[in-house]
Amino acid sequence: MTSVPTPSAGRELLNPPTDGISNLRFSNHSDHLLVSSWDKSVRLYDASANVLRGEFLHGGPVLDCCFHDDSSGFSAGADNTVRRLVFNANKEDILGRHDAPVRCVEYSYAAGQLITGSWDKTLKCWDPRGASGQERTLVGTYPQPERVYSLSLVGNRLVVATAGRHVNVYDLRNMSQPEQRRESSLKYQTRCVRCYPNGTGYALSSVEGRVAMEFFDLSEASQTKKYAFKCHRKSEAGRDIVYPVNAIAFHPVYGTFATGGCDGFVNVWDGNNKKRLYQYSKYPSSIAALSFSRDGRLLAVASSYTFEEGEKPHEPDAIFVRSVNEIEVKPKPKVLP
């Protein structure tokens, strides 16, 4: 029986993907939402109007997508390709290839480059302004210690999280070697890394219901501020049930952040004050991805089974767009004792 989500879940988008949702992202310029899926599609929605504006079909599952500007975007596929999508013309071309599935794609406005991370254990930078043809668009290939699982950008900083709990921090202006080589402070596999909007560090989540708050500055004063916390867990009959934390999204105005887990919950946290601000009603399935709109008024939630328990009957994949209330995301003022 299909569970009916509560109205507070947000508005469900029409024409959702027909298989697992790998990522979703709001545009920096509008309420357009780009969604990649294992059904081999990238879909472009107008989230406010609840309209499917365009759809691109690829040769295999699509593992990530991002906007270039409001009229074009990029996608990363299990068919090893990196593609450029032009929405208005409804056309796409292959920007380049990796030697294994491409897991992550990020566009840097600071560098004017596209960065892709693959299970071939490399990072590649591309100049999408180059004429088509891989030799003209590929800027560089940078070996990583393991398969790339997650990427995040802030300004000229790039954080790369790989298998084996490695984290490399780069300056996009000098990609010859990482600025910092780190290890995750969490004991288990990394699921997601996202930089703080203020550029001082990053949050990293694992499959074992934890999030680590890290800082770039290596001084002792900064490093004493780092911490990790447990989330997306429940106790049942005296046992702790622990869920992967698949998604992290920072609020663009307040710098607070939402996490989404395989428990179907979305939590909002105030990282500075180490407090949970809000928990939304449970969604029908695992939270596969999260994205705030550019002004923080909307939160897109992918409720989509991530196969953490293998093949089993599950709720249909769905995208909910909820209006964000300030009380859910605004840090509460500290009460002095």
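On a predicted model such as this, the values are computed, not experimentally measured, just so you know. All heavy atoms count here, side chains included; hydrogens, waters and symmetry mates do not.
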Salt-bridge criterion met for [X] and [Y] (N-O under 4.0 Å):
X	Y	answer
Lys230	Glu208	no
Arg297	Asp31	yes
Asp240	Arg233	yes

| message | Name the residue from Arg84, Glu92, His58, Arg83 that meets the side-chain hydrogen bond (donor to acceptor under 3.5 Å, both in side chains) definition with Ser75. | response |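 Looking at Arg84, Glu92, His58, Arg83, the match for Ser75 under the side-chain hydrogen bond (donor to acceptor under 3.5 Å, both in side chains) is His58.
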| request: Might you work through the ring-ring contact (aromatic ring centres under 6.0 Å, His included) test for Trp119 and Tyr149, ending with a clear yes or no? | output: CA-CA 8 Å; Trp119 292 341; Tyr149 283 167; 7.3 Å; no
| message | Please determine whether salt bridge (charged side-chain N to carboxylate O under 4.0 Å, His left out) holds for the pair Asp39 and Arg43, giving the CA-CA distance in whole Å, both sets of side-chain angles, and the decisive distance to 0.1 Å. | response | CA-CA 11 Å; Asp39 71 0; Arg43 284 170 163 82; 2.9 Å; yes
Mutual orientation of the aromatic rings belonging to [X] and [Y] [parallel < 30°, tilted 30-60°, perpendicular > 60°]:
X	Y	value
Phe307	Tyr305	tilted
Phe216	Tyr202	tilted
Phe87	Phe56	tilted
Phe74	Tyr107	parallel

| Partner residues of Gln223 under the side chain to side chain donor-acceptor pair (under 3.5 Å) criterion, sequence neighbours left out |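 Not a single residue meets the side chain to side chain donor-acceptor pair (under 3.5 Å) criterion with Gln223.
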| query | Side chains of Asp64 and Ser36: donor-acceptor distance under 3.5 Å anywhere? | reply |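 No.
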| field | Glu214 side chain to Ser185 side chain, donor-acceptor N/O pair below 3.5 angstrom | value |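 There is such a pair between these side chains.
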Taking the six-membered ring for Trp, are the ring centroids of [X] and [Y] within less than 6.0 Å of each other?
X	Y	result
Phe292	Phe250	no
Phe229	Trp269	yes
Phe265	Tyr243	no

| said: Treating Asn50 as the side-chain partner and Leu14 as the backbone partner, does any N or O pair qualify as donor plus acceptor under 3.5 Å? | reply: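 Between the backbone of Leu14 and the side chain of Asn50 there is a qualifying donor-acceptor contact (under 3.5 Å).
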| said: Given 3.5 Å as the limit, does a donor-acceptor pair link the side chain of Thr256 with the main chain of Val329, or not? | reply: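 Judged by distance alone, yes, a pair lies under 3.5 Å.
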